[in-house]
Amino acid sequence: MERTFIMLKPDAVQRGLVGEIISHFEKKGLKLAGMKLIQVNRTLAEAHYAEHQGKGFFEPTVMYIMSSPVVAMVWQGKNVVVLARELMGATNPANANPGSIRGKYGMDISRNIIHGSDSVTSAEREISLYFKSEELIDYPKAGDEWLSE
Ligand code: CDP
Ligand code: MG
């Protein structure tokens with residue numbers, strides 16, 4: 001089953017949006033495979049955003065995710081990488097669909113609440129940055145049989 005890496009950024013934690021955002025994923029029918037509250041250090045922040053090294057927003061974005069604890073999660077489900085990106089909405093909350101998480105809760109690209117992997121390859125890389133394999137759990141969940149045939 002496909003997995004993706006989701007991070008609730010410092011603004012989501014500080015603004016008390018953690019439970020509400022997690023509900024979007026739970027209610028969609030996705031399955032939580034791992035979760036922890038962590039303080040991201042510079043090594044991890046730079047590795048997370050390695051693809052953006054050299055861009056103007058790299059350093060501010062690294063500082064942003066180091067600024068306060070984040071909730072790191074792995075969600076599992078059919079086509080979850082694309083699905084999670086749709087639930088999140090566009091990178092800039094100002095342009096995000098108003099029904100999406102960024103569209104509902106954010107206003108500015110520099111405080112956009114949530115991260116989600118952009119491909120299956122990125123998901124594998126990001127999951128291994130934040131989680132050891134023994135921290136991820138695959139389990140039968142009540143209700144699975146009501147979500148697909
Ligand atoms: O997070 P997402 O994959 O949607 O966007 P990205 O293009 O990979 O950029 C990574 C993160 O950098 C964004 O989520 C923003 O937090 C930040 N960013 C920014 O502050 N200003 C920009 N012009 C572009 C990105
Ligand atoms: Mg990205």
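For ligands, and for the atoms within them, numbers begin at 1 and follow the listed sequence. Keep in mind it's a predicted model, so treat the numbers as computed, not measured.
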Report all side-chain donor-acceptor pairs from residues 30-41 shorter than 3.5 Å, counting only partners two or more places apart or in another chain.
unit_1, atom_1, unit_2, atom_2, d
Lys31, NZ, Tyr139, O, 2.5
Lys31, NZ, Asp144, OD2, 3.0
Lys36, NZ, Tyr130, O, 2.7
Lys36, NZ, Glu135, OE1, 3.0
Lys36, NZ, Glu135, OE2, 3.2
Gln39, NE2, Met66, O, 2.7
Asn41, OD1, Thr43, N, 3.2
Asn41, OD1, Leu44, N, 2.8

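- Protein residues having at least one heavy atom under 4.0 Å from any atom of ligand 1 are Lys9, Tyr49, His52, Phe57, Thr61, Arg85, Thr91, Arg102, Ile109, Ser110, Asn112, listed by chain and number.
- Linking ILVMFWY residues whenever their side-chain heavy atoms come closer than 4.5 Å, directly or via other members, leaves Met73 and Phe131 in distinct clusters.
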Distance-only check: which donor-acceptor pairs under 3.5 Å involve side-chain atoms of residues 15-23, not counting sequence neighbours?
unit_1, atom_1, unit_2, atom_2, d
Arg15, NH1, Tyr105, O, 2.8
Arg15, NH2, Tyr105, O, 3.1
Glu20, OE2, Tyr105, OH, 2.8
Ser23, OG, Gly19, O, 3.2

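- No donor-acceptor pair under 3.5 Å is formed between the side chain of Gln76 and the backbone N or O of Met1.
- In the hydrophobic clustering (ILVMFWY side chains linked at under 4.5 Å, chained through shared members), Leu147 stands by itself.
- Ser117 places a side-chain N or O within donor-acceptor distance of the main-chain N or O of Phe5, the cut-off being under 3.5 Å.
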